[in-house]
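To start, the structure itself, in structure tokens.
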Amino acid sequence: MSSPSSDFLRTLAERGYIHQASDLEAIDAAALVGRLTTYVGYDCTAPSLHIGHLLSIMMLHWLQETGAGRPIVLMGGGTTRVGDPSGRDETRRILTVEQIEDNKSSIRQVFSRFIRFGEAGHDAAMADNAEWLTKLNYIDMLREIGRHFSVNRMLSMDSVRLRLDRDQELSFIEFNYMVLQAYDFVELSRRYGCLMQMGGSDQWGNIVTGIDLGRRLGTPQLFALTCPLMTTASGAKMGKSASGAVWLNADLFAPYDYWQFWRNTEDADVGRFLRMFTTLPLAEVSRLEALGGAEINEAKKVLATAATALLHGPEAAAGASETARKTFEQGVTADTLPTVEVPWGEIEAGLPIAPAIVRAGLAASNGEVVRAIAGGAISVNDARVTDRSRVVGPVDIVDGVVKLSFGRKKHVLLRAV
RNA sequence: GGGGGAAUGUCCCGAGCGGCAAAGGGGGCGGACUGUAAAUCCGCUGGCUAUGCCUUCGUAGGUUCGAGUCCUACUUCCCCCA
């Protein structure tokens with residue numbers, strides 16, 4: 001299509017969120033009149049979402065921000081009990097209902113950072129498909145929904161074919177996932193007048209199946225919009241860091257670490273990430289992106305602070321930024337670094353370096369510390385440790401704390417109490 | 001139902017004549033170089049109360065001074081025939 005006339009689609013296009021869409025012109029028209037109620041579903045497989053989910057959350061943010069329609073966050077309390085085979089080449093482990101409920105309540109929190117919930121106008125709504133899926137009766141469901149599904153068609157879906165082609169197990173329960181997700185779309189259309197479903201590119205098949213089911217069950221025409229799968233410029237999947245996934249919940253991944261994650265973006269990704277993961281004006285993004293050589297570091301700091309502010313709030317972002325400035329640019333010990341408390345008695349008696357590092361959460365075992373020392377990775381108060389029998393004692397305490405470092409980027413303060 | 005093959009370091013892939021804490025990749029981490037980047041080079045990538053001890057090769061037994069390796073049963077997966 002020619003350039004979109006709605007703010008929503010134009011913003012999404014300019015910022016690089018659009019991978020595939022079912023009918024851009026119709027979507028554009030609905031957005032223009034503010035009727036584009038849209039949902040994104042999130043499964044409750046972990047206690048927190050991670051940055052892989054951020055793109056779709058940002059799309060909901062822009063949907064609301066541009067007045068295109070009402071965002072609906074759908075918690076997969078029901079579908080998680082089944083397990084989505086998309087993008088998986090192994091059967092998902094089946095979670096207990098309790099785990100799912102715990103995860104659900106833990107995941108919910110982050111959304112209010114990005115979208116405004118409430119009852120008015122374009123205020124967002126949160127739904128949970130457990131509400132209707134758990135009430136389905138098998139026979140009724142087969143008669144009313146199942147008859148609209150062609151197994152021939154289902155077998156041709158990417159998520160299924162991948163497993164079949166590789167002769168990998170696909171259990172019947174997983175095979176049903178797309179049916180449930182399709183039904184969700186219809187249900188949300190009926191309950192909220194939802195017109196569109198967004199998600200990652202791997203969701204395309206499931207979304208389109210929902211559109212199809214809607215047509216057969218007489219909903220208004222439904223639409224699909226997907227965002228690209230996030231990778232770094234060097235081709236690696238995004239979302240992994242030193243300590244595993246980059247979680248959105250602060251208790252699993254500290255704001256400081258989150259800031260650092262963005263700060264360490266590859267040069268080639270800076271512009272793209274600024275567009276997708278911050279709300280900075282595009283003119284500003286272009287300017288930052290044009291910075292060359294070492295200057296691009298300024299752009300990375302802006303990216304880190306803006307992205308962190310979106311998720312954890314401006315204060316946490318400023319704090320992380322300041323801690324980083326002190327730690328890296330001044331080499332000063334910032335008291336806002338992650339801190340672990342240790343009884344004074346242990347320090348007084350002398351705490352061997354290996355257990356101290358483990359206690360600080362910087363390594364998983366004494367053996368790892370011993371190897372790290374051999375590799376020159378461990379420092380106490382910025383002085384490299386070369387002797388594995390080094391002991392952290394009272395002489396190391398400066399202003400009540402000892403600064404322990406694993407590599408140049410991971411620092412923890414041990415505070416004597 | 002019959003026949004054949006496979007399961008290896010809990011991140012993944014993968015080699016492994018009866019002496020194995022187990023080759024080689026990838027990934028990850030660390031060091032050097034830089035700009036807290038990329039690329040490149042180097043090191044590390046079971047645990048411990050550590051010149052030794054313990055736990056690891058699908059599960060359970062067995063043979064052996066000694067088993068990832070041989071035998072038996074079981075589990076799961078793949079292929080061929082019906």
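Residue numbers start from 1 in every chain, and the chains themselves are labelled A, B, ... in the order their sequence lines are given, proteins ahead of strands.
- Contacts of A:R371 with the nucleic acid, taken as non-hydrogen atoms under 4.0 Å apart, involve only primed sugar atoms and P, OP1 or OP2.
- The gap from the C1' atom of B:rU69 to that of B:rU63 amounts to 13 Å, rounded to the nearest Å.
- Looking only at side-chain heavy atoms (C-beta outward), A:R153 and A:D212 come within less than 4.5 Å of each other.
- If you check B:rA73 for Watson-Crick or wobble pairing at under 3.5 angstrom, you find it paired to B:rU59.
- B:rU36 atom C1' lies 16 Å from atom CG of A:D269, rounded to whole Å.
- For A:K410, whose side chain is taken as the heavy atoms from C-beta onward, the closest listed nucleotide among B:rG35, B:rA37, B:rC29 is B:rC29.
- Ranking B:rA32, B:rG35, B:rG47 by closeness to the A:R408 side chain, first place goes to B:rA32.
- The partner of B:rG68, taking Watson-Crick or G-U wobble pairs whose two distances both stay under 3.5 Å, does not exist in any strand shown.
- Put simply, A:K300 has no side-chain N or O that comes within less than 4.0 Å of OP1 or OP2 on B:rA38.
- Of the side-chain N and O atoms in A:N264, none sit less than 4.0 angstrom from OP1 or OP2 of B:rA38.
- The side chain of A:A294 lies closest to B:rG35, out of B:rA37, B:rG47, B:rG35.
- Pairing for B:rG1 is with B:rC81, a Watson-Crick or G-U wobble pair whose two hydrogen-bonding atom distances lie under 3.5 Å.
- Side-chain to base pairing of A:N366 with B:rG47: no donor and acceptor N or O lie closer than 3.5 Å to each other.
- Using a 4.0 Å heavy-atom criterion, one finds that A:I378 contacts no nucleic acid atom at all.
- To the nearest angstrom, P of B:rA37 lies 8 Å from CZ of A:R263.
- Between the CD1 atom of A:I357 and the C1' atom of B:rC29 there is a distance of 14 Å, rounded to whole Å.
- Look at OH on A:Y258: it is 18 Å from C1' on B:rU36, rounded to the nearest Å.
- Of all nucleotides present, only B:rG26 satisfies the Watson-Crick or G-U wobble test against B:rC11, with each distance under 3.5 Å.
- Distance, A:D267 CG to B:rU34 P: 16 Å, rounded to whole Å.
- Distance A:E266 CD to B:rU40 P: 12 Å, rounded to the nearest Å.
- Across B:rU34 and B:rU59, the matching P atoms stand 50 Å from one another, rounded to whole Å.
- Using a 4.0 Å cut-off, no side-chain N or O of A:T265 falls inside it from OP1 or OP2 of B:rA37.
- Spacing of P atoms, B:rG52 relative to B:rC42, comes out at 31 Å, to the nearest Å.
- Side-chain proximity of A:R384 to B:rG35, B:rA32, B:rU45: nearest is B:rA32.
- Residue contacts shown for A:E368 are absent, as no nucleic acid heavy atom lies under 4.0 Å away.
- One interatomic measurement links the two molecules: CG of A:L303 to C1' of B:rA37, which rounds to 12 Å at whole-angstrom precision.
- Proximity note for A:F406 (side chain, C-beta onward) versus B:rC48, B:rC29, B:rA37: the nearest is B:rC29.
- The partner of B:rG46 is B:rC54, by the rule that a Watson-Crick or G-U pair needs both atom distances under 3.5 Å.
- For the pair A:I373 CD1 and B:rG43 C1', the computed distance is 15 Å after rounding to whole Å.
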